[in-house]
Amino acid sequence: MASVTFECVTKRFDDFVAVNNLNIEIEDQEFLVFVGPSGCGKTTSLRMLAGLEDVTEGNIYIGERRVNDMSPKDRDIAMVFQSYALYPHMSVYENMAFSLQLQGKSKREIQARVERAAHQMGIEQLLQRKPRELSGGQRQRVAVCRTIVRDPAVFLMDEPLSNLDAKLRVQARTEISKLHRELGATFIYVTHDQVEAMTMGTRIAILNQGVLQQVDTPQNLYNHPQNVFVAGFIGSPAMNFFEGALTGARENLSITTDAFQLKLPLERTVAYLPYRNQPVIFGIRPEDIHDPNYVPPGIKAAHVKAEVCMTEMMGNEVIGYLTTPSHNQFVARVDRRSEMKVGDSVNMIFDMDAFHVFEKQTEQLIT
Ligand SMILES: Nc1ncnc2c1ncn2[C@@H]1O[C@H](COP(=O)(O)OP(=O)(O)O)[C@@H](O)[C@H]1O
Ligand SMILES: [Mg+2]
């Protein structure tokens, strides 16, 4: 049982700042996911927590204990590496037993723990095999089992599913979530895949270039992204952005871009008034733009004229790629019955309850 706290943690490699003033409190038994593009500092953050990398500045706590100077083996943490790092010359059993032997556990206890973990992940029949005799999915399970046997307070997982094919990945995702519920330990999970992050995390921490952008539940990240980076990172296809300005008086405050001028709903204008005539970024998700022939009932519809450049029939939906007469491109995710065709001129429907406005200069959400 342990919470984890990063307090003003910075990591520099020479002059390069890999993690920049990270502050985050992870609750006991939480499933927290670090997500962000490659190179944003995810692995470095985990390695500092595990004690595999020094902290340049700041403090890391596990529970109440400051662990900056504590050796990795005393931290009550186990980590699954992206590469799995199984010992090739040892059997699965030996791989799992190894850390327990180092701790001086009895043969009997080791056997009991290995068998219990193997049962938990369904690999009992693989215990005598060598890693090279395993499929990718089986190796991944062994790597997870190797952490379970240690019964740590905190599990760290660094992109443990990235070597699996799409179908196995979905299955392993559910397995790890289930394991988290069964073990009641704190899980800190790293991925660059936003779908993994959204489906597994109770909270998600989004990093970019070493800087924490937002920590929140999946719902809040999707519905209330605090800046342009988060808005563009979560959701696929990504949110559409249009640069423009807020114009007009209170009663008819509008967003004006090269592509359109849309009147904003009156109840939302108060927040925006201080930003009148200043440059802003207007964001709207593809799923909030509709084919005019298939508009969901009850939405605040606004028309935007565009030409269809391409469509992708996905079965359950159609993805439309559109261009406005001003050459702004955007993506719409429309009803599967849509008959939009390349070259059609369409008055697309923007849902005016579902947009976001960001300050251009800071890229922060205006609320
Ligand atoms: N040992 C190191 N020496 C120098 N630079 C490093 C070292 N480890 C990581 N970096 C750099 O720090 C940044 C963050 O790396 P990392 O934490 O591995 O990113 P992520 O796991 O998010 O892809 C990258 O730009 C990487 O090149
Ligand atoms: Mg990494």
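What you are looking at is a predicted structure, and each value in this text was computed from that prediction instead of being measured. In listed order, ligands and their atoms are each counted from 1.
For atom 23 (O) of ligand 1, the nearest non-hydrogen atom of the protein is G39 N, 2.6 Å. Among protein heavy atoms, atom 11 (C) of ligand 1 sits closest to F16 CE2, 3.8 Å. Considering only non-hydrogen protein atoms, atom 21 (O) of ligand 1 sits nearest to T43 OG1, 2.7 Å. Ranking the protein heavy atoms by distance from atom 10 (N) of ligand 1 puts F13 CE1, 3.5 Å first.
Taking the ring centre of Y87 as origin, the terminal cationic atom of R146 falls inside the region bounded by 6.0 Å and 45° from the ring axis.
Not a single heavy atom of G36 sits under 4.0 Å from any atom of ligand 1.
Between L161 and E196, the closest heavy-atom pair is CB-OE2, 3.8 Å. Taking every heavy atom of both residues into account, G122 and R141 meet most closely at O-NH1, 4.0 Å.
Salt-bridge annotation for D335 and R337: present, with a side-chain N of the basic residue lying under 4.0 Å from a carboxylate O of the acidic one.
Counting heavy atoms only, T44 comes closest to atom 16 (P) of ligand 1 of the residues D158, L207, T44.
At a distance under 4.0 Å, no protein heavy atom can be found next to atom 27 (O) of ligand 1. In this structure, atom 6 (C) of ligand 1 has a protein heavy-atom contact shorter than 4.0 Å.
Following chains of ILVMFWY side-chain contacts shorter than 4.5 Å, one cannot reach V228 starting from V211, and the two form parts of different hydrophobic clusters.
Residue-ligand proximity, G41 to ligand 1, at heavy-atom distances under 4.0 Å covers atoms 14 (C), 17 (O), 19 (O), 20 (P), 22 (O).
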Is there a ring pair (Phe, Tyr, Trp, His ring centres under 6.0 Å) between F330 and F350? Walk through the geometry before answering.
CA-CA 12 Å; F330 66 94; F350 280 30; 5.6 Å; yes
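For the Mg ion (ligand 2), the set of nearby N, O or S atoms under 2.8 Å includes one belonging to T43.
Just one of Y275, F241, F260, Y272 meets the ring pair (Phe, Tyr, Trp, His ring centres under 6.0 Å) condition when paired with F282; it is F260.
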